[in-house]
Amino acid sequence: MTQQRITVIKGDGIGPDIIDAATQILDKVGCDFAYDYADAGLMALENHGELLPQETLELIAKNKVALKGPLTTPVGEGFTSINVSLRKQFKLYGNVRPVLSFKGTKARYEDIDIITVRENTQGMYSGLGQVVSEDGTEAEAKSIITREGAEKIVEFAYELARREGRKKVTAVHKANILKSTSGLFLKVAREVGERYPDIESAEMIVDNTCMQLVMNPHQFDVIVTTNLFGDILSDLCAGLVGGLGMAPGANIGEDCAIFEAVHGSAPDIAGMNLANPTSVILASIQMLEYLEMGDKAERIRTALKDVIESGDRTTRDLGGEHGTTDFTAAVLERL
């Protein structure tokens with residue numbers, strides 16, 4: 001068998017520390033990956049004069065699987081979001097953000113197990129039609145939803161639900177107001193749902209979804225929605241299980257996938273050995289499942305759960321007093 005090559009982007013801020021933790025764990029569990037390291041974000045800007053160098057794009061295209069730390073896009077300087085650029089470049093239409101309760105966290109709920117499936121390339125994040133009037137008094141942007149894009153993401157959500165033995169898919173929309181874009185998404189979601197009679201189909205307006213997630217999150221199983229709503233809802237879901245430090249993300253295309261920590265680069269604690277690496281460890285678990293290495297994924301998940309539940313060398317956000325290297329060592333010992 002050919003050795004699986006993974007493009008690794010360490011990222012900015014705490015990125016290098018948490019990515020190193022994840023790769024140590026992947027090695028310990030016997031994955032035998034070959035890592036090709038690439039720059040993006042502020043580090044790439046310093047080293048190459050651009051946020052997303054061509055060499056990085058070529059490595060991702062070659063290996064077709066990437067593990068990525070948090071990246072910083074400079075604000076207000078005319079730079080396009082690196083994450084949005086990557087999703088467009090590789091047609092990563094599906095964004096999968098699972099949240100799962102771990103005992104030992106400071107979460108407000110227990111037994112949360114929700115997957116948000118977010119359309120990743122259209123809607124308000126398409127970047128089209130962004131105009132500000134010359135006098136700065138008026139701004140506009142286009143939101144574009146296509147039937148093909150909506151059908152693709154809703155089918156993706158139902159197939160994921162079926163594959164993982166999930167029982168319900170909730171399509172989240174704002175069709176009562178955004179009758180064109182959200183209306184088309186809802187119409188397509190209803191049509192696709194009829195093709196999956198073994199899975200319960202539900203629909204909910206986005207503002208009500210936010211309230212219901214806070215009041216009764218256990219009614220949700222798989223959520224499928226458009227780009228902007230998915231971004232907001234997946235962060236809300238992360239808040240149910242302890243925050244973005246407990247939430248991974250997978251960006252899936254036809255023949256390429258990028259797995260990432262969804263939180264920011266936290267420059268205030270960069271290089272201080274304080275960061276919780278759980279998000280990117282969970283992202284690496286998603287990567288293993290994508291590569292059909294489910295047994296190794298489950299071993300890591302079990303070890304991670306035990307560390308957090310027992311409070312063994314946990315980081316400050318988890319109620320402990322330890323840093324990244326101690327937390328990683330605790331997981332490694334269990335493997």
Side-chain angles (χ1 to χ4, degrees), residues 87 91-101 111-123 125 144-176 178-213 216-234 236-237 240 247-257 259 285-292 294 297-298:
R87 291 163 190 164
K91 297 183 173 64
L92 305 175
Y93 67 91
N95 188 207
V96 182
R97 292 188 174 181
V99 292
L100 181 67
S101 292
D111 303 320
I112 300 292
D113 187 357
I114 302 170
I115 301 175
T116 301
V117 177
R118 164 195 178 197
E119 201 291 317
N120 222 8
T121 60
Q122 299 187 349
Y125 283 44
I144 296 177
I145 303 291
T146 66
R147 169 172 280 276
E148 179 186 10
E151 187 167 29
K152 207 170 188 180
I153 197 64
V154 178
E155 279 185 351
F156 182 97
Y158 276 94
E159 287 295 329
L160 181 151
R162 183 177 277 175
R163 191 168 61 248
E164 297 202 4
R166 301 277 178 157
K167 296 185 172 12
K168 181 180 178 182
V169 174
T170 303
V172 176
H173 64 92
K174 190 65 178 173
N176 56 325
L178 305 173
K179 297 183 185 297
S180 56
T181 50
S182 236
L184 176 60
F185 177 80
L186 179 59
K187 185 174 189 292
V188 171
R190 288 170 174 169
E191 292 170 2
V192 172
E194 290 177 359
R195 304 204 290 264
Y196 293 85
D198 52 316
I199 297 169
E200 179 186 351
S201 296
E203 58 191 59
M204 193 174 288
I205 295 171
V206 64
D207 37 336
N208 184 34
T209 306
C210 292
M211 181 181 72
Q212 294 293 334
L213 278 166
N216 179 21
H218 298 98
Q219 67 185 288
F220 296 98
D221 194 355
V222 176
I223 293 171
V224 63
T225 189
T226 49
N227 206 331
L228 177 60
F229 297 160
D231 194 6
I232 296 166
L233 289 175
S234 60
L236 196 163
C237 288
L240 303 176
N251 302 278
I252 310 292
E254 296 293 350
D255 65 349
C256 183
F259 302 86
I285 289 172
Q286 286 185 290
M287 181 176 75
L288 291 177
E289 290 171 339
Y290 175 81
L291 293 170
E292 298 182 351
E298 190 54 39

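The shown structure was predicted, so the numbers you read here are calculated from the model rather than taken from an experiment. Computed from heavy atoms alone, side chains included, the values below leave out hydrogens, waters and symmetry copies.
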4.5 Å side-chain heavy-atom contact, [X] and [Y]:
X: I115; Y: E164; value: yes
X: T209; Y: F220; value: yes
X: E155; Y: I153; value: no

Tell me the salt bridge (Lys or Arg N to Asp or Glu O under 4.0 Å) pairs involving residues 217-226, sequence neighbours left out?
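As it turns out, the salt bridge (Lys or Arg N to Asp or Glu O under 4.0 Å) pairs with a partner in residues 217-226, which skip direct neighbours, are R166-D221.
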
Any chance you could measure [X], atom [atom1], to [Y], atom [atom2], to the nearest 0.5 Å?
X: N208; Y: H173; atom1: CG; atom2: NE2; value: 9.5 Å
X: L100; Y: C237; atom1: CG; atom2: SG; value: 12.5 Å
X: T116; Y: I232; atom1: OG1; atom2: CD1; value: 12.0 Å
X: K179; Y: K187; atom1: NZ; atom2: NZ; value: 15.5 Å
X: I205; Y: N176; atom1: CD1; atom2: CG; value: 4.0 Å
X: T225; Y: F185; atom1: OG1; atom2: CZ; value: 5.0 Å

Under the side-chain contact (heavy atoms from CB on, under 4.5 Å) criterion, do I199 and K167 qualify, and how do the steps go?
CA-CA 5 Å; I199 297 169; K167 296 185 172 12; over 6 Å; no

Specify the closest pair of heavy atoms between [X] and [Y], including all atoms of both residues, with the distance to one decimal.
X: A297; Y: E289; result: CB-CG, 3.8 Å
X: S182; Y: A175; result: CB-N, 3.6 Å
X: S234; Y: G230; result: OG-O, 2.8 Å
X: L233; Y: C210; result: CD2-SG, 3.7 Å
X: S201; Y: G193; result: OG-CA, 3.7 Å
X: T121; Y: N227; result: N-ND2, 3.5 Å

Are I114 and L240 close enough, and set up right, to give a side-chain contact (heavy atoms from CB on, under 4.5 Å), and what steps lead you there?
CA-CA 10 Å; I114 302 170; L240 303 176; 4.3 Å; yes

Passes side-chain contact (heavy atoms from CB on, under 4.5 Å), V169 versus Y196? Steps please.
CA-CA 10 Å; V169 174; Y196 293 85; over 6 Å; no

For Q122 and Y93, which I'm curious about, is there any donor-acceptor pair between the side chains at under 3.5 Å?
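No, no side-chain donor-acceptor contact under 3.5 Å.
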
Using the side chain to side chain contact (heavy atoms under 4.5 Å, CB included) definition, which of the options E200, Q219, M204 pairs with T170?
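Checked E200, Q219, M204 against T170; only one passes side chain to side chain contact (heavy atoms under 4.5 Å, CB included): M204.
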
Donor-acceptor contact below 3.5 Å, side chain [X] vs main chain [Y]:
X: N95; Y: A250; answer: yes
X: N120; Y: L92; answer: yes
X: R97; Y: G249; answer: no

Count the heavy atoms of every other residue, nucleotide or ligand shown that sit under 6.0 Å from CD of E191, and state whether that count exceeds 12.
yes

Salt bridge (Lys or Arg N to Asp or Glu O under 4.0 Å) for K91 and E254? Distances and angles first, verdict last.
CA-CA 8 Å; K91 297 183 173 64; E254 296 293 350; over 6 Å; no

Would you please test M211 and L213 for side-chain contact (heavy atoms from CB on, under 4.5 Å) and show each step?
CA-CA 5 Å; M211 181 181 72; L213 278 166; over 6 Å; no

